[in-house]
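These notes are about the structure you will find just below.
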Amino acid sequence: MRVKVANAPVSFGVFELATEAPPLSADEMVQALSEAGYEGIDSGPIGYLGTGFRLTDRLAANGLLLAGGWVDLPYRDSGAYQDGLPALEAALDVFAVAPSAPEGFGPRPTLACSGSPERFARPGGSVPGLAASEWAGYAARVQDATDRCRERGLEPAFHHHLGTYVETPDDVERLLELTDVQLCLDTGHLLLAGGDPVTALRDWASRVGHVHIKDGDTKILTTALADGADLRELMGRGGFARLGEGELDLPAVLRTLDEIDYTGWIIIEQDTLPGRRTVAQNIADQAANRQKLKDLGI
């Protein structure tokens, strides 16, 4: 196993820039992650870390690489997908000029689905996803996005996610059958969708190109569902726990990554909402999360 460890703005409640003021500045975040021993960071919303030389200078000053970043598109709908392609190209423009990185550690476009309203309202795999007749078109659009990334010299990975059309292990299996995109395996989202991250790493070893390490708490999920809470509220309630405080068997996950000879980024994430925890708490959590992997030899 040859890995580098990064974190992401979502761990600090930074999801988007259009409607929410970030709870901390980009400079504060990259400094905190650098001091905690991280080697990289995901982009977060495009523009949050800057673009062009502002991005490269900010990361270089803190000894960080750009690990990649989230790009969601509405793959279910052909017209909406076409309308979303300029956002994909804008993200690829940012990734293409990121600081140079060792082989295997360049930024990975993290392709994701814009979501299923029904599943967003009831996350965790209990709501049906795509109809059988929709899978071919959905997968063709994922493949098109994958090919567009490769044309720019970037290798993407698709992120399965609660609240979307690729949520459950069966959804992931179907997508892998119909495309050649690599998988961004997220341990927390898989756990809360009824999957076993260790089994998934073994079963999908040849397709795992990116890894998000995230803990999850199914007890919080169960309570949230009983209360009628949606995915956003689940995150706010701590459904994605600090490493070691949920149900993820982190030592087994790391052993399995070693067994399958994984090479690439490990992105630690702890999805939270703005205002639910203080900036100081979020910084402390991410330092503790990094220490947890150090204690396990990573």
Side-chain angles (χ1 to χ4, degrees), residues 6-27 29-30 33 40-62 64-101 105-115 138-161 163-166 179 181-184 186 209-210 212 264-265 267 269 271 274:
N7 204 293
V10 71
S11 299
F12 298 83
V14 179
F15 288 87
E16 54 185 283
L17 299 180
T19 61
E20 295 174 346
L24 75 172
S25 72
D27 285 327
M29 184 182 294
V30 296
L33 294 180
I41 185 172
D42 260 13
S43 66
I46 296 301
Y48 170 66
L49 295 178
T51 58
F53 73 88
R54 290 184 176 85
L55 170 67
T56 56
D57 288 355
R58 173 172 283 131
L59 297 187
N62 290 274
L64 297 178
L65 297 173
L66 186 65
W70 178 272
V71 185
D72 67 74
L73 290 165
Y75 297 104
R76 187 186 190 190
D77 181 272
S78 178
Y81 171 73
Q82 292 295 324
D83 291 343
L85 287 175
L88 172 63
E89 294 299 328
L92 297 182
D93 287 344
V94 172
F95 301 151
V97 297
S100 60
F105 295 97
R108 303 295 299 270
T110 308
L111 302 179
C113 174
S114 295
Y138 185 96
R141 288 182 278 277
V142 172
Q143 187 65 57
D144 179 72
T146 300
D147 294 341
R148 289 172 183 270
C149 294
R150 290 172 177 164
E151 288 168 3
R152 299 288 299 274
L154 297 161
E155 186 62 36
F158 189 94
H159 190 312
H160 59 95
H161 200 281
T164 75
Y165 295 109
V166 184
T179 69
V181 70
Q182 291 189 343
L183 180 67
C184 173
D186 186 300
H210 211 45
H212 286 186
W265 284 104
I267 316 293
E269 291 185 336
D271 300 4

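Here the structure is a predicted model, which means the values were calculated and not measured. These values consider heavy atoms only, across backbone and side chains, with no hydrogens, waters or symmetry-generated copies.
- Heavy atoms only, all atoms of each residue included: Val30 and Arg58 are closest at CG2-CG, 3.9 Å.
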Step by step, work out the side-chain contact (heavy atoms from CB on, under 4.5 Å) result for Thr146 and Thr179. CA-CA 9 Å; Thr146 300; Thr179 69; 5.9 Å; no
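- Inter-residue side-chain proximity for Asn7 and Ile41 is flagged as unmet; no heavy-atom pair is nearer than 4.5 Å.
- Under a 3.5 Å cut-off, the side chain of Tyr81 and the backbone N or O of Leu73 do not form any donor-acceptor pair.
- Atom OH of Tyr48 is separated from atom CZ of Phe12 by 8.0 Å, given to the nearest 0.5 angstrom.
- To the nearest 0.5 angstrom, Ile267 atom CD1 is 7.5 Å from Cys184 atom SG.
- Arg54 CZ: 12 or fewer foreign heavy atoms inside a 6.0 Å radius.
- A distance-only check finds no donor-acceptor pair linking the side chain of Asp42 to the backbone of Gly44 [under 3.5 Å].
- If you take CG on Asp147 and CZ on Arg152, they are separated by 14.0 Å, rounding to the nearest 0.5 Å.
- A tilted orientation is assigned to the rings of Phe158 and Tyr75, their planes being inclined by 30° to 60°.
- Atom CD1 in Ile46 sits 9.5 Å away from atom CG in Asp93 (nearest 0.5 Å).
- In this structure, CG in Leu111 is found 10.0 Å from CG in Asp72, a value given to the nearest 0.5 Å.
- Taking every heavy atom of both residues into account, Arg108 and Gly209 meet most closely at NH1-O, 2.7 Å.
- For the pairing with His212, the ring pair (Phe, Tyr, Trp, His ring centres under 6.0 Å) check across His159, His161, His160 returns one residue only, His159.
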